[in-house]
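First up is the structure itself, then whatever we jot down about it.
In what follows, chains are A, B, ... by sequence order, proteins preceding strands, each numbered from 1.
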Protein chains: 2
Amino acid sequence: MAEDFAEQHVARWRDHWIDVEFDDEIELATFRLSRLTKYQKDSVKNAAAAVGLQVFEYQTLHTLMIRDTPGIASPRELAEAADVSPAGMTGRLDSLEKAGLIKRTPSPTDRRSIIIEATTAGVAIWRQAMRQRGEAEKRLMGALSAKELTTLNRLLRKLAVVADEHPPPNLP
Amino acid sequence: MAEDFAEQHVARWRDHWIDVEFDDEIELATFRLSRLTKYQKDSVKNAAAAVGLQVFEYQTLHTLMIRDTPGIASPRELAEAADVSPAGMTGRLDSLEKAGLIKRTPSPTDRRSIIIEATTAGVAIWRQAMRQRGEAEKRLMGALSAKELTTLNRLLRKLAVVADEHPPPNLP
DNA sequence: GACGAATATTTCGCTGGCGAACTACTTTGA
DNA sequence: TCAAAGTAGTTCGCCAGCGAAATATTCGTC
């Protein structure tokens, strides 16, 4: 069976970096995860473009819609969930508000706060982009049988728990 | 067993988006992959900061070092490998050159081209960052047994082949 | 040998996002 | 009750990267 890109990558490492300590299996998995990351990034880009949104607009709407309180959040909550600074989120919300996809409402209980809410147009455009993105994910995961997908999830779960509960230590 | 974030995510979807068609296992896998993406992004950020590099500087050096011709490339080749525009790569190389981590040499065979080469200092600082990044990957993958890691790689390979050979279709 | 098409890199104006600071407001503790 | 500390969101100056255009060069065809 021909080598995939990850195997070619690891073979190159063996050729050129024999003094760099690494585990083949770990390096293969890491490299493959980065290839899947690129696929997902590209599918987001395509889904956003298909409905006339910029990537950051789609990502922000998506972050808003998949909350516990779908379609409703504060800018700070959105910034945290999207891993974006408060200043950055302000700019994003400016763009979405201007496009009529969200609205900002002063909080009735806290005059420092505003409440972000997706508009009907915002929800509709998000759904359209989600359908396309869903197709891309189906195409990808269709490479596995149902049993394999369950096995993959069991293994990804173990990794995701570590990733979420023990993020790389921050610097002092 | 308590739910992980992905299971909570999918449960929310069931609660709120009963009319959005999706497959639980696909959605779980997709969500978990994005959590691993964040972990890797954070570990890159930490590794770069630890050696005094900005993320884009580390990423560019890394892209240069893992080539078939380690430490040597053209700006165009680097831009493609790093998924960055030629203009963006020019700026990145400006920064790395200024820091003494790469050097630009006119091509002997094509006066339009220049040859990018990592300096001794560039290779050294990349190695340092790689050690730290390697630790973070070991910590993550250590959640799996050797047999599980092999199984994961077999499944990721199937997905990576689809991701690399059938990227999401570009828009017209 | 001339010329049009293609390529390599850089420049330029613009954009999204950042850190820091600012303004307005809320919470806390004495 | 009030001042200090903390919080929410925005503004500002700066930066990394983009698309388009510019400049220089190469290549293929006639």
Side-chain atoms of V84(A) come closest, of dG17(D), dC18(C), dT10(C), to dC18(C)
K45(B) atom NZ is separated from dA16(D) atom P, nearest whole Å, by 15 Å
Here the pair of heavy atoms bringing D4(A) nearest to V161(B) is CB-CG2, 3.9 Å
Please evaluate residues D42(A) and K38(A) with respect to the criterion salt bridge (Lys or Arg N to Asp or Glu O under 4.0 Å), reporting the C-alpha separation (whole Å), side-chain torsions for both, the decisive distance (0.1 Å), and the verdict.
CA-CA 6 Å; D42(A) 289 344; K38(A) 185 179 186 319; 2.9 Å; yes
Expected list for residues 107-117 of chain B near DNA chain C, using heavy atoms below 4.0 Å, is R112(B), S113(B), I114(B)
Per the under-4.0 Å heavy-atom filter, residues of residues 68-78 of chain A near DNA chain C come out as none
Q54(A) atom CD is separated from dG17(C) atom C1', nearest whole Å, by 13 Å
Separation of dG17(C) atom P from E80(A) atom CD, nearest Å, is 17 Å
When rounded to whole Å, the CG to P distance for the pair D83(B) and dG19(D) reads 10 Å
Checklist entry - Mind checking whether H9(A) and E27(A) have side chains closer than 4.5 Å, heavy atoms only? => result yes
Hey, is K41(B) close enough to D83(A) for a salt bridge, meaning N to O under 4.0 Å? yes
| query | Can you check whether A136(A)'s main-chain N or O pairs, donor with acceptor, with Y39(A)'s side chain at less than 3.5 Å? | reply | yes
The reported gap from CG in D164(A) to CZ in R157(A) (rounded to nearest 0.5 angstrom) is 10.5 Å
Between S113(B) and S74(B), does any side-chain donor sit less than 3.5 Å from a side-chain acceptor?
no
Per the under-4.0 Å heavy-atom filter, residues of residues 87-95 of chain B near DNA chain C come out as A87(B), T90(B)
**Item:** Residue pair R92(B) / E57(B), side-chain heavy-atom distance below 4.5 Å
**Value:** no
Here the distance between atom C1' of dG17(C) and atom CD of Q59(A), to the nearest Å, is 12 Å
Heavy-atom closest pair (T119(A) atom, G100(A) atom, distance to 0.1 Å) is OG1-O, 2.7 Å
Rounded to whole Å, the CD-P distance (E97(A) to dG9(D)) equals 13 Å
* Asked: Would one find a side-chain N or O of R104(B) under 4.0 angstrom from OP1 or OP2 of dT10(C)?
  -> yes
- Start with the C-alpha gap between E135(B) and R131(B), add the side-chain angles, then the distance that decides, and say whether salt bridge (Lys or Arg N to Asp or Glu O under 4.0 Å) holds. CA-CA 6 Å; E135(B) 291 304 313; R131(B) 272 196 283 277; over 6 Å; no
_Note, R32(A) side chain near L36(A) side chain (heavy atom, < 4.5 Å)_ = no
